Protein chains: 2
Amino acid sequence: MREFIEVLKNSALFEGTEEHEIISMLKCLQGKGKKYGKGEYVLRAGEMSVSVSILLKGRLLIQNDDYWGNRSIVNSIGPGEVFGEAYAVPAGKPVLNDVVAQEQSLVMSFDLSKILTTCPTACPFHSRIIKNLFFAVSKKNQLLVEKLWHISRRTTREKLISYLSQEAARNGSGSFTIPFNRQQLADFLFVDRSAMSAELGKMREQGLIEFERNKFTLLNKRVR
Amino acid sequence: MREFIEVLKNSALFEGTEEHEIISMLKCLQGKGKKYGKGEYVLRAGEMSVSVSILLKGRLLIQNDDYWGNRSIVNSIGPGEVFGEAYAVPAGKPVLNDVVAQEQSLVMSFDLSKILTTCPTACPFHSRIIKNLFFAVSKKNQLLVEKLWHISRRTTREKLISYLSQEAARNGSGSFTIPFNRQQLADFLFVDRSAMSAELGKMREQGLIEFERNKFTLLNKRVR
DNA sequence: CCTATTTTGTTGTAAATACAACGTCATCTT
DNA sequence: AAGATGACGTTGTATTTACAACAAAATAGG
């Protein structure tokens with residue numbers, strides 16, 4: 001339990017709060033933990049959801065299969081990250097994407113109305129949570145815009161460069177591990193896997209990058 | 001002035017509030033109005049911004065030009081819509097996109113901290129605004145996910161069908177006007193204008209759609 | 001340790017796209 | 001009214017992609 005409090009403390013939702021505050025807030029918010037096995041669905045597109053969740057352990061994929069089985073991946077969620085907030089609208093719109101556990105995962109969910117309705121007496125940190133929730137969605141928004149940036153590029157190579165550059169920047173290093181395998185990366189960038197694989201091969205040949213499985217290194221060669 | 005109160009009343013930010021409440025809140029929030037001529041920049045990528053804005057009149061484009069001059073359009077903003085919320089993070093990240101007036105426009109801006117900091121005495125509707133702001137970002141988030149849906153399609157035709165279908169659904173009619181000209185639509189869907197134009201022509205030939213300038217009609221012919 | 005399954009790379013081909021160039025028509029400006 | 005500018009459609013070509021098929025390598029499960 002203690003380790004999860006640590007995760008919560010570092011999550012966007014509880015930013016700026018102390019451990020003991022979190023513990024009392026968990027009671028106030030009535031957070032509920034739930035385990036999911038690999039491949040299990042945390043949320044299904046079409047469901048109604050009025051909860052906001054934090055991933056405590058594991059990894060989730062936010063994805064979408066169309067009628068013909070083509071899969072597109074919106075995002076990958078790691079420990080401490082908030083998800084589901086965007087669907088939690090008052091009108092009660094259905095969830096747009098599937099959320100699937102990529103490995104054994106532990107999720108803590110909060111009823112949105114419990115978060116948005118301040119309890120006047122017990123919980124002085126409540127308004128902080130509301131602001132944090134706003135910032136969390138705000139940040140998610142930015143991530144989506146950045147993703148648009150990647151896929152707005154016209155060629156597979158440009159998309160790869162855009163994505164890998166951002167990952168390098170985010171990790172503060174030219175060497176980093178991505179949360180996707182090849183097929184998932186292709187689904188994330190909306191390109192064909194085999195074509196992408198070929199392009200990666202060419203980029204390696206040309207000395208731009210090195211990689212092995214999902215570990216990539218950008219080399220000091222001027223790109224473009 | 002009165003007409004703008006009406007716009008505000010119908011905006012996501014002030015949903016559920018009455019006119020007289022809005023007037024008192026405007027004082028509390030110190031909203032500032034500003035005019036922009038056609039082509040003028042409301043926000044520039046790279047700027048710091050800590051404000052949330054509502055478009056009172058006109059139309060804005062959220063767009064992005066890369067180093068080589070390729071433009072991509074993230075969204076079109078109409079009267080009553082909220083924008084800029086996503087950049088208003090505490091850490092003070094730079095704005096990611098240009099916001100440009102497509103025609104003469106009137107914008108009202110609020111200091112984010114004024115919104116998030118509740119004034120304990122004067123303004124009982126303040127917490128409502130905070131929730132609304134959350135819902136507004138949340139909804140924007142959904143729009144982005146829906147946009148991802150469109151551009152995740154592989155061919156220009158599929159992207160067009162996806163986008164036009166959604167617009168038809170949104171308007172509750174097979175006939176509707178889009179807020180883009182051809183070049184802008186192409187930049188929005190991340191495709192080549194001429195190729196898109198050709199594809200639209202084919203779709204018209206095949207009896208799927210009709211269009212003239214930016215007025216489209218989806219015909220009752222099974223798509224796919 | 002062996003086998004089944006998954007992941008990744010490679011290649012060929014048909015299809016789709018980007019890009020450039022150009023003509024027509026509409027709109028704006030003076 | 002005339003010229004300039006912008007929007008739209010059309011066409012040809014080189015480039016890029018999607019798709020299918022297959023082999024090699026890695027991984028998972030018993």
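Chain letters run A, B, ... following the sequence lines, proteins first and then strands; every chain starts at 1. As a basis for the values below, the full set of heavy atoms in this structure was taken, side chains included, without hydrogen atoms, waters or symmetry mates. Quick caveat: nothing in here was measured; it's all calculated off a predicted structure.
Side-chain N or O atoms of A/Gln184 include one that pairs as donor or acceptor with a backbone N or O of A/Asn181 at under 3.5 Å. Checked by atom type and distance alone, the side chain of B/Asn132 pairs as donor or acceptor with a backbone atom of B/Leu13 at under 3.5 Å. When atom types are taken as modelled, the side chain of B/Ser105 and the backbone of B/Glu103 share a donor-acceptor pair closer than 3.5 angstrom. The backbone N or O of B/Asn64 sits nowhere less than 3.5 Å from a side-chain atom of B/Asn97 that would complete a donor-acceptor pair.
Taking atom CD of A/Glu158 as the reference point, atom C1' of C/dA18 lies 11 Å away to the nearest angstrom. Following rounding to the nearest Å, B/Glu199 (CD) and C/dT17 (P) show an atom-to-atom distance of 6 Å. Atom pair B/Arg153:CZ and D/dT17:P shows a separation of 18 Å (rounding to whole Å applied). Atom P of nucleotide D/dT16 and atom CE of A/Met203 are separated by 14 Å, given to the nearest angstrom. Between the P atom of C/dA15 and the NZ atom of B/Lys202 lies a distance of 12 Å, rounded to the nearest Å. In this structure, A/Asp192 atom CG and C/dA14 atom C1' are separated by 13 Å, rounded to whole Å. Atom CZ in A/Arg154 sits about 14 Å away from atom P in D/dA18, given to the nearest Å. The CD-C1' distance, from B/Glu103 to C/dC28, rounds to 16 Å in whole Å.
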From CA spacing to verdict: salt bridge (charged side-chain N to carboxylate O under 4.0 Å, His left out), A/Arg71, A/Asp65: CA-CA 4 Å; A/Arg71 173 163 297 169; A/Asp65 299 331; 2.7 Å; yes

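Across all their heavy atoms, A/Arg182 and A/Met196 have their closest contact at O-CE, 3.3 Å.
Between A/Thr155 and the phosphate of D/dT16, there is no side-chain N or O to OP1/OP2 separation shorter than 4.0 Å.
Helix-axis bend for the helix from C/dC1-D/dG30 to C/dT30-D/dA1: the local axis fitted to the five terminal pairs at one end deviates from that at the other end by 60°, rounded to 10°.
Seen from the ring of B/Phe211, B/Arg204 counts as a face-on cation partner, given the 6.0 Å and 45° thresholds.
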Show each protein N/O and nucleotides 3-9 of chain C N/O combination with a separation under 3.5 Å, one pair to a line.
residue	atom	partner	partner atom	Å
C/dT8	OP2	A/Arg182	N	2.7
C/dG9	OP2	A/Arg182	NE	2.7
C/dG9	OP2	A/Ser197	OG	2.8
C/dG9	N7	A/Arg193	NH1	3.1
C/dG9	O6	A/Arg193	NH2	3.2

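Residues B/Glu146 and B/Leu143 form a side-chain contact, since some pair of their non-hydrogen atoms from C-beta on lies under 4.5 Å apart.
Residues passing the side chain to side chain contact (heavy atoms under 4.5 Å, CB included) test with A/Lys147 are A/Ile151, A/Phe188, A/Phe190, B/Leu148, sequence neighbours excluded.
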